[in-house]
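So the structure is just underneath, and the comments pick up after that.
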Amino acid sequence: HTDAAAWEAAEREFETAIDLSPSNALAHHWYAVMLASLNRPEEALRMIRRAKRLDPFSAPLNGALNGIETWAGVPQAERARPPRGFEIDPTNANGRANNAVRLAQQKKCAEAEKEMVEARALAPNNAVVQVGGVGVHWFCSDSARARAALAEIERSPDAMRKTVYIAMAHAGMGQVDSAFAWMDREERWGMVDRFELRTSPYFARLRRDPRFEALLRRVGMP
């Protein structure tokens, strides 16, 4: 849980960091992530776009930019297409996994599977990579393999460190109750977890459920 005073203190620290080092892209990036988590889309957009100008070729930063613009409803035509994470850095496992899911959504399944092989080779135990593999199976109409892959992640010894991503997979597969059940198990809500909870399109259907507001209150998000 994070109370209002803690959020205010964190915001002051970000502002101080930026005052001391106006060209620090990382400070702008993480301040934008926090602003998005606090449901302040216009401020988050301004901050992440400022970060982008400071460091245009950061793969994580471009990922956050895409997430914030999508969540804030910025029309595709108004976006300056950022290079994707895998284009900036072919060794970025998250970028390769996200690209695999994107290809699967386009039904380019052979390409998606090839991209997932690359992602797994880079980081086989990475939560984004593992859940991305579930997404590739799901979007390529192999629901049995998707469910089996997700069950394997849930049985892994470090599953409790991946609860938000496991919940994301359940939500993407339309299993809303299971998604909430996994999020109820999360005890250490980090900034990235909160950011995903607020912005991920896979949680869109959960945001219409009364349980979502209760979850936000439990983790200290307005």
Quiz item: Which heavy-atom pair separates W182 from A167 by the least distance, and what is that distance?
Solution: CB-CB, 4.0 Å

Quiz item: Looking at R205 and V176, what are the two nearest heavy atoms and their distance?
Solution: CD-CG2, 3.7 Å

Quiz item: Heavy atoms, side chains only, cut-off 4.5 Å: are M34 and W7 in contact?
Solution: yes

Practice problem: Decide yes or no for L150 and E154: does some side-chain heavy atom of the first lie under 4.5 Å from some side-chain heavy atom of the second? | Solution: yes

Self-check item: M221 side chain reached by L38 side chain, heavy atoms, under 4.5 Å
Solution: no

Practice problem: Identify the heavy atoms of A97 and V129 that sit nearest to each other, and give their distance. | Solution: CB-CA, 3.8 Å

Quiz item: W71 side chain to F195 main-chain N or O, any donor-acceptor pair under 3.5 Å?
Solution: no

Self-check item: Check: R161 main-chain N/O paired with D158 side-chain donor or acceptor under 3.5 Å
Solution: no

Quiz item: Would you say the side-chain atoms of R194 pair up with the backbone N or O of V219, donor to acceptor, closer than 3.5 Å?
Solution: yes

Quiz item: Do the rings of F14 and Y31 sit parallel, tilted or perpendicular, given the 30° and 60° boundaries?
Solution: parallel

Exercise. Answer yes or no: are there more than 12 heavy-atom neighbours, outside K114 itself, under 6.0 Å from its atom NZ?
Key: no

Exercise. Check whether any side-chain N or O of S156 sits under 3.5 Å from a backbone N or O of I153 as a donor-acceptor pair, and report yes or no.
Key: yes

Quiz item: Which heavy atom in A112 sits nearest to a heavy atom in V136, and how many Å separate them?
Solution: CB-CG1, 4.1 Å

Practice problem: Answer yes or no: is there a side-chain heavy-atom contact under 4.5 Å between F203 and V164? | Solution: yes

Quiz item: Is the side chain of R40 donor-acceptor paired with the backbone N or O of A32 at a distance under 3.5 Å, no angle test?
Solution: no

Self-check item: Non-hydrogen side-chain atoms of L197 and L215 separated by less than 4.5 Å
Solution: yes

Self-check item: N/O donor-acceptor pair under 3.5 Å between S37 side chain and V33 backbone
Solution: yes

Practice problem: Using modelled atom types only, decide if a donor and an acceptor are shared between the side chain of R79 and the backbone of V74 within a distance under 3.5 Å. | Solution: yes

Quiz item: Can we say E69 and R49 salt-bridge, meaning some charged N sits less than 4.0 Å from an Asp/Glu carboxylate O?
Solution: yes

Quiz item: If we only count heavy atoms from C-beta on, is the V131 to Y202 side-chain gap below 4.5 Å?
Solution: no

Practice problem: Indicate whether any N or O donor in one side chain lies under 3.5 Å from an N or O acceptor in the other, for R96 and N99. | Solution: no

Quiz item: Under 3.5 Å, side chain of K52 to main-chain N/O of A25, donor-acceptor pair present?
Solution: no

Quiz item: How far apart are the closest heavy atoms of E186 and M160, and which atoms are they?
Solution: OE1-O, 4.3 Å

Quiz item: Going by heavy atoms in the side chains, are W189 and M183 under 4.5 Å from each other?
Solution: yes

Exercise. Look at the side chain of D3 and the backbone N and O of G220, then say whether any donor-acceptor pair between them is shorter than 3.5 Å.
Key: no

Self-check item: Spatial distance of atom CG (L103) from atom CD (Q105) [nearest 0.5 Å]
Solution: 9.5 Å

Practice problem: Taking only Lys NZ, Arg NE, NH1 and NH2, and the carboxylate oxygens of Asp or Glu, determine whether D177 and R211 approach each other closer than 4.0 Å. | Solution: yes

Self-check item: G190 backbone acceptor or donor facing D193 side chain under 3.5 Å
Solution: yes

Exercise. Check whether any side-chain heavy atom of I68 sits under 4.5 Å from a side-chain heavy atom of L45, and report yes or no.
Key: yes

Practice problem: Verify the neighbour count for atom CD of E43: are there more than 12 heavy atoms of other residues, nucleotides or ligands below 6.0 Å? | Solution: yes

Quiz item: Between R198 and P222, what is the shortest heavy-atom contact and its length?
Solution: NH2-O, 2.6 Å

Exercise. Could you walk me through whether M173 and V134 pass the side-chain contact (heavy atoms from CB on, under 4.5 Å) test, one step at a time?
Key: CA-CA 10 Å; M173 294 162 68; V134 175; 3.9 Å; yes

Quiz item: Tell me the disulfide bond (SG atoms under 2.5 Å apart) pairs involving residues 103-145, sequence neighbours left out?
Solution: C109-C140

